[in-house]
Amino acid sequence: MKADATSIKSHAASWIRSQGPLITLVVLLIFAVMRVPGFRSAVNITNIGKQVSMTGVLAIGMAFVILSGGIDLSVGSIAALAALLAARCSGEFFLAPILIPLAAGVTAGAMNGVLITRVKIPPFTATLAMMLGVRGLVFILAGKTAVVSGVSGQWFSKIAWGKWMGVPYAAMIFAGILGVAIVISRYTGFGRSVYAVGGNEEAANMMGLRVTRCKMKVYMISGACAAIGGMMLASRVTSVRPDIAVGWELTAIAAVVISGISLVGGIGKIGHVLYGVLILGVIPNIINRLTERQTTYANHLITGMLLLAVVLIQSRIAKKHNTH
Amino acid sequence: MPDSDTPAKLLASANMQHATGGMSFVKAHSMPFFFLALIVLNSIFTPSFLSIDTLDNTLRQAFPMMLVALGMTMVISSGGIDISVGAIMAVSAAVTARIFALSVLATTPVSVLLILWMACAICCGLLAAGVCGLLNGMLISKFKIQPIIVTLIVMFVARSVAQMILGELPLSLMGTRFEDLGRLRILGAPIQVLIMIGAVAAMLFIAKKTVFARRVEAIGENRRAARLVGINIFRVTVGVYVLCAVLCAIAGVMEAARGGRVDAGRLGMFIELDAIAAVAIGGTAFSGGRARILGTVFGAVLVQLVTVIVNMNDISYHYSLILKAVVLVTAVWAQKDK
């Protein structure tokens, strides 16, 4: 009996330690609901949903990459490329603004994969090169004027602005992709091989897993997710500038790491990305509502501090969990 | 531990390094060839490429990125990454410029008092950078947070602090003695070039001759093993990030002096990308390990050459991004272990 009680206790403790991101998010939400004026309003919640779903989709792709032991710095540039192509194609035939950017994203992801698996360049360097290269391509495609006609008023803009029963389409897309990603990571051979490759690449290779193919798929998924994020952005704004989505890769990486997925690879759960994404989305919202003056400097400072607090709390919660 | 080594042992280990280094000589030197090819091609195609002015300009423009890349090499050698470098440049430049501009001395002719005041201002800038580096190193080693997240947070905080120090508008240093510092020449050589040579020499000394660099490498190669042999991971990690931050601060202050103004929102923006590219081209492994200082120097000059060539041939900036990507991939591919 006594042994049972302690084992239940230790189970509960280890469960709590593995739920650091969720606990942090709940604490943050409780604080926001109690203390932040206007946070609870439906408009605000919808806004947060719209904002986080773009970088959220990127973070899902990034989670696969990081779980496989890699990193993808090119997602911001790929999102910009997709946004540009979506805006350009919005007047063309039906589905063109979806299919063409998606194809571009998958191609860019495949190029990442080829550089990493065939040319054998480390992921950090390869995707850094792609980040620079694709951004250059975006600038060139945008041309001299650097602004491309927008997509407002067409069906395409409904992706960002439309809603069904109060839930924005963008949030539904994010939730849907997250659901698919969870299923893939848990119940498919590919999902398990991502964990195996991230955990120990050599062992995975010796077990007969197709490491190269797995990595190719992972980077193509990341490229596709970046493209979807870019499309959502294109449908949200009225004009696409070539310096759009700069720094999104850092937001995505931060969301993934905050959700408890280790950059070493093979450790973490895709579903937890939701918490990381929401934490990163709620913090600036809280700050914007609390500070009267809209000076971005102070906001950045407070965002940094809050983020630091979140990460510190999590490292405390997870400390014993990791050493086990 | 290397510090208990006898001279004979050290000599033996140095010889061994040479022996194993010989194998990788050709591979390691594919980059200088690449570099030479770039120079030869451009001396043919780019007008007035081979002039003293071009060299002078290239070196002066390469200066901030070179210093940042040197610091980044050590950070990457320890298995970390520092994306706060640009923000640290901005905060140190902001602190230095703000303090320097406080005094009426700023526009007076050169005097001992002025030099002292300038040194005092620069020291404050270095101190601010040191605090950022300390924060980076402490959070990474004590609280075990991933370097990319820690330095991302510090990037946010440092840049917003820099902007809060300077306010909305860029601070102009036009007409102050500070601007002269950026134009200073000693025996005909720009001060930037002299500092650069000094920094490269110092970093080469640190990387080749000191126990510190070995400890950094040990942490980068195998953190657990490093801890087990008694290396103080906290102290070494903090040391690495402070060293990197101080180099960034020198770069930031000199960049402010060269431009004659400090724009806290733009100074050092995206320099981390160029610096990381330079380190990657230089052959230091991102998983941690030996710091290749000379490789980084080549990498930094190469990345800067791309920018200069693009500027001189009147090609638009966008193509320079693609060219950089190609150079990065080719250089890393050329020297990878086959």
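Just so it is clear, the model here is predicted, and its values are computed rather than measured. Proteins get letters first, then strands, A, B, ... in listed order; numbering begins at 1 in each.
Within residues 250-259 of chain A, the residues that have a heavy atom under 4.5 Å from a heavy atom of chain B are A:Leu250, A:Ile253, A:Ala254, A:Val257, listed by number. At a heavy-atom cut-off of under 4.5 Å, chain B is reached by A:Ala129, A:Met131, A:Leu132, A:Gly133, A:Arg135, A:Gly136, A:Leu137 from residues 129-138 of chain A, listed in order of number.
Contacts of A:Leu115 with chain B are made by side-chain atoms alone, with heavy-atom separations under 4.5 Å and no backbone atom involved. Proximity to chain A is limited to the side chain of B:Phe286, based on heavy atoms less than 4.5 angstrom apart. Only the side chain of B:Ile83 comes within contact range of chain A, with at least one heavy atom under 4.5 Å from a heavy atom of that chain.
The nearest pair of heavy atoms linking B:Val332 to A:Pro122 is CG1-CD, 4.1 Å. B:Val157 and A:Gly304 get closest at one heavy-atom pair: CG2-CA, 3.9 Å.
Using a 4.5 Å heavy-atom cutoff, the side chains of B:Leu139 and A:Leu308 are in contact.
Ranked by heavy-atom pairs shorter than 4.5 Å toward chain A, the options B:Val150, B:Val161, B:Leu273 are led by B:Leu273. When each of B:Arg159, B:Gln146, B:Met164 is scored by its heavy-atom pairs under 4.5 Å with chain A, the top score falls to B:Gln146. Of the listed residues (A:Val311, A:Val246, A:Leu73, A:Ile302), the one with the most heavy-atom contacts under 4.5 Å to chain B is A:Val311.
Atom OH of residue B:Tyr319 and atom CD1 of residue A:Ile140 lie 4.0 Å apart, to the nearest 0.5 angstrom.
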